[in-house]
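Each chain gets a letter, A, B and so on, in the order the sequences are listed, and its residues count up from 1.
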There are 2 protein chains.
Amino acid sequence: MAKRSGVLEFAVLGLLHESPMHGYELRKRLNVLLGSLRVFSYGTLYPCLKDLVARGLLVEDHTADGHGHHGAKAAPALGGNAAAARRSKIVYRLTPEGEEHFGQLLSDAGPSAWEDENFGVHFAFFGRTDAAIRLRILEGRRSRLEERLDLFRQSVTRTKERLDRYTLEAQRHGLESVEREVRWLNELIETEHDQRQVGPPAT
Amino acid sequence: MAKRSGVLEFAVLGLLHESPMHGYELRKRLNVLLGSLRVFSYGTLYPCLKDLVARGLLVEDHTADGHGHHGAKAAPALGGNAAAARRSKIVYRLTPEGEEHFGQLLSDAGPSAWEDENFGVHFAFFGRTDAAIRLRILEGRRSRLEERLDLFRQSVTRTKERLDRYTLEAQRHGLESVEREVRWLNELIETEHDQRQVGPPAT
DNA sequence: GTTAGCATGTAAGGAGTTACATGATTTT
DNA sequence: AAAATCATGTAACTCCTTACATGCTAAC
């Protein structure tokens, strides 16, 4: 019914774009993809999937699979092809509209793409993102962090004295974390520029 | 009516424990204290204050101040004593019950104190926290992060190949961020131990 | 005298969690 | 056959945001 989280929706579409899956597995891949930044529970995921189906971006495959008893051991171990292993319940798959929508999300280089909540997902799908978009997002993210550094340093010089050891320590650590992420972004941006000169401009 | 966020409530009580304040200023100090980790809006803060009043942990001072027209310029600049400057509207102050409750929150060294959401606030008030509690929280936080490192490294070795450049890069950066926080905690813990030997055991 | 910032709030709703409820399949 | 884990879902609730509404005071 309601509009679901951009982050979760984006991530779900992206993972299903790689290969169809059912909800339980999707959740695990989701939590690996977003690397402990966010952990979604089933209570969030399943309603989201239903919503995406209702909006025509996904379809459910209730893979009848034949029957169900005993057989079909089919390589359940960790290394195997996850999509093919033990097709038991409801497998979700992108519709053409879903692919189209995912493509639009990928090409969004607006400010929301470099906010804290969204940057991680966008970055996770950079492998399928246009080079120009990648660059804009990385640069947008960097300016965002630099703004934050400015605010930070202002408030430090304003309130320098009369802060206890721990507050100072927290501020210092926070500041260094942001500076570190800026350096990381600088490296990534440089690499993007290098590749632009080496690699072909299209496809 | 409803039970409000532990984080916000804790932070509000802690700031008001330093000095009484009205909501508008409280919000600014809050966002400095929590250093861009979280930004609370008025829509969150004011209902929270009302709730704390209803529960008897705060009282409102509607400082009548005399009347209100023209006079009373009273050092509004940044450097001045904030509590005394331009007493205009509703100033909140801890009750004895509020102080008691804040004290209990300070002495909580359970697992929730070192979760991502809460660790920041607890740390921010370490200056008023018992040394033994500080140590337990820092060590708890460290084990929490080390657990996360283990999971992380497992999933890396499991899925090493068939990940694109960007996913790998994100994992690497995430891993290093956590490792860096662990080193930071190690330093803090060492400092705590040193001080324990130097400083007096009580008060 | 009007813009900018201080100050306090409310209503509606978005985003996600926890706890619960259920059943199928695999492993021991 | 019991225990673990896979798999799907719902209901109630928490926490917080956005957008709105209001009025006062300071600065230009």
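- The CE-P distance, from Met21(B) to dA7(C), rounds to 12 Å in whole Å.
- Between the CG atom of Leu8(B) and the P atom of dC15(D) there is a distance of 10 Å, rounded to whole Å.
- Closest heavy-atom contact between Leu105(B) and His122(B): O-CE1, 3.6 Å.
- Looking at the side chain of Tyr24(A), the nearest of the listed nucleotides dC16(D), dT8(D), dA7(C) is dT8(D).
- Nearest to the side-chain atoms of Thr44(A) among the listed nucleotides dG16(C), dA7(D), dT17(D) stands dG16(C).
- Phosphate proximity of dT8(D) to Tyr46(A): present, with a side-chain N or O under 4.0 Å from OP1 or OP2.
- Atom CZ in Arg27(A) sits about 15 Å away from atom P in dG9(D), given to the nearest Å.
- Taking the six-membered ring where tryptophan is involved, the planes of Tyr166(B) and Phe123(A) are perpendicular, since the angle between them exceeds 60° and thus also 30°.
- Listed nucleotides dC24(D), dG16(C), dC16(D) differ in distance to Lys89(B); the shortest reach to its side chain belongs to dC24(D).
- Across all strands, Phe40(A) comes closer than 4.0 Å only to sugar-phosphate atoms, never to a base (heavy-atom distances).
- For the pair Asp51(A) CG and dG9(D) C1', the interatomic distance rounds to 15 Å; values are reported in whole Å.
- Using cut-offs of 30° and 60° on the angle between ring planes, the pair Trp184(A) and His173(B) is parallel.
- For the pair Arg29(A) CZ and dA7(D) P, the interatomic distance rounds to 14 Å; values are reported in whole Å.
- His17(A) and Arg128(A) share a side-chain donor-acceptor pair at under 3.5 Å.
- Note on Arg38(B): only backbone sugar-phosphate atoms sit closer than 4.0 angstrom, heavy atoms only; bases stay farther off.
- In this structure, of dG9(C), dT10(D), dA7(D), it is dT10(D) that holds the atom nearest to the side chain of Lys50(A).
- For the pair Leu45(A) CG and dT18(C) P, the interatomic distance rounds to 15 Å; values are reported in whole Å.
- Summarising the geometry, the separation between CG on Leu26(B) and P on dT8(C) is reported as 9 Å, rounded to the nearest angstrom.
- As rounded to whole Å, 13 Å separates atom C1' of dG23(C) from atom CD1 of Ile90(A).
- Of the two residues near DNA chain C, Lys28(B) and Tyr92(B), the one whose nearest nucleotide lies more 5' is Lys28(B).
- A salt bridge does not link Glu25(A) to Lys28(A): none of the charged side-chain nitrogens sits closer than 4.0 Å to a carboxylate oxygen.
- Distances were taken from every side-chain heavy atom of Ser41(B) (C-beta onward) to each of dG9(D), dT18(D), dG9(C); the shortest belongs to dT18(D).
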